[in-house]
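Contents: one structure, followed by commentary.
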There are 2 protein chains.
Amino acid sequence: MASFTNSRAGDDRIGSLAESTGCPVETIRYYERVGLVPPPLRTQGGHRVYGPEHRDRLAFILRGRELGFSLDEIRELIGLTEQGDRACVTVEAIARSHIGSIRTRIARLTRMLEALERLARDCRRGRSPSCPILETLSAAQDGVEPRPKRPTRRAN
Amino acid sequence: MASFTNSRAGDDRIGSLAESTGCPVETIRYYERVGLVPPPLRTQGGHRVYGPEHRDRLAFILRGRELGFSLDEIRELIGLTEQGDRACVTVEAIARSHIGSIRTRIARLTRMLEALERLARDCRRGRSPSCPILETLSAAQDGVEPRPKRPTRRAN
DNA sequence: CCTTGAATCTGCAGCCACTGCAGATTTTAG
DNA sequence: CTAAAATCTGCAGTGGCTGCAGATTCAAGG
């Protein structure tokens, strides 16, 4: 039940903000530390008191995370919201580049998945004399093709 | 050209091992530090000298990583190879659980991708008065459903 | 033999996005 | 007023590397 307190209505302690947004308390504090959520007011004892603006900001961050944006990308998006809305082009650029990286990750995972499923199927059939998975991992094939000077790094 | 040295043939310094396997030098040392690659012999000056057994072990690890196994899983798989091959069932269990987690990750990424593509499409069409991506992120929907006591954590 | 430059050594800090803990303090319910 | 719950700060740890500084060693050329 909403009881009356001496704070304004809609103000939250960190616990209730956490509960209602689904974001852990520690993470909220972390977002404040890294400058994504502005520092809220405090009680005399030092407890944080959040207003609607904080709640909105946190929600923004969480939705961004759900879409897979990094905290840096989210920071950038926040910046754009704050400086007028003609930045749609920039936003789209960020989104498109993010889409690209998601596609890459999916492709990579799909390759892994296919390889593993093949191996697991062979396991099940018992076609191999010993374990085909270990065989594959131990197989003395030629090494991977040598790495280029600038090592190609890929996100897993 | 293979020139003769006073080391046994097939022995490698860390640099040539790195080049031929495609695994960065620092990563090889890291694998040694965490106990995945056994400590090699050393020259009098302290430089590492690798034999074929190290090369094989490293290759095993790299193939495992290509299949997306964690270093802990790889450690476990190494343990299994070392204690006879009747462990195929265990191997399959590890692989299957890994397959599950890959499927989950793909599903999650696919959801993100679809949502983002929809938004980016709207951007392009210019259907919205302001930027639909920022709109979505800022939208004052109801909060996420409250988190359960034991917070559901998901790998991104 | 000596010099030079490349390779390697150790140790430690940083990356991302949190997560968890200890120990102190504040708030709230009864 | 007390006891329990919530919150505070600060710091360390996660995984899997990656990068740097500064010292040392190695291999080739003169």
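Each chain gets a letter, A, B and so on, in the order the sequences are listed, and its residues count up from 1.
- The distance between atom CG of B:Leu58 and atom C1' of D:dG16, rounded to the nearest whole Å, is 14 Å.
- Distance, A:Glu19 CD to D:dA5 P: 15 Å, rounded to whole Å.
- Residue contacts shown for B:Arg29 include a base, since a base heavy atom lies under 4.0 Å away.
- Considering only the side chain of A:Tyr30, C:dT19 comes nearest among D:dC8, D:dC17, C:dT19.
- The minimum heavy-atom distance linking B:Ile74 with B:Ile61 is given by the pair CD1-O, 3.6 Å.
- Listed candidates were D:dG16, D:dG19, D:dC8. Nearest to the side chain of B:Leu71 is D:dG16.
- Side-chain N/O atoms of A:Tyr31 include one lying less than 4.0 angstrom from OP1 or OP2 on C:dC18.
- Nearest heavy atom pair, residue B:Ile14 against residue B:Arg29, reads CD1-CG, 3.5 Å.
- Pairing each heavy atom of A:Leu116 with each of B:Ala95, the nearest pair is CD2-CB, 4.3 Å.
- B:Arg48 has a side-chain polar atom (N or O) that falls below the 4.0 Å cut-off from OP1 or OP2 of C:dC9.
- Rounded to an integer number of Å, the gap from A:Arg42 CZ to D:dT9 C1' is 9 Å.
- Between B:Arg13 and C:dA6 there is no side-chain N or O to OP1 or OP2 distance below 4.0 Å.
- One can place CG of A:Asp72 at 11 Å from P of C:dC15, the figure rounded to the nearest angstrom.
- Between B:Arg33 and A:Tyr50, it is A:Tyr50 whose nearest contact on DNA chain D lies nearer the 5' terminus.
- Considering only side-chain atoms of A:Arg65, the nucleotide from D:dT18, D:dC26, C:dA17 that sits closest is C:dA17.
- Of the two residues contacting DNA chain C, namely A:Gly46 and A:Ser70, the nearest-nucleotide position lying further toward the 5' end is that of A:Ser70.
- An OP1 or OP2 oxygen of C:dT27 is reached within less than 4.0 angstrom by a side-chain nitrogen or oxygen of A:Thr43.
- Minimum heavy-atom separation, A:His98 to A:Glu73: ND1-OE1, 3.8 Å.
- Note: CD (B:Gln44) to C1' (D:dC26) measures 12 Å, nearest angstrom.
- Following rounding to the nearest Å, A:Ile14 (CD1) and C:dT25 (P) show an atom-to-atom distance of 20 Å.
- Computed from coordinates, the B:Glu26 CD to C:dA7 P distance equals 13 Å when rounded to whole Å.
- Nearest-nucleotide assignment on DNA chain C puts the 5′-proximal partner with B:Gly45, out of B:Gly45 and A:His47.
- What you find for B:Arg75 and B:Val34 is that their closest heavy atoms are NH1-O, 2.7 Å.
- When the P atom of C:dT10 is taken as reference, atom CD of B:Glu32 falls 8 Å away, rounded to whole Å.
- Here D:dT18 is the nucleotide among C:dC9, C:dC18, D:dT18 with the atom lying nearest to any side-chain atom of B:Thr27.
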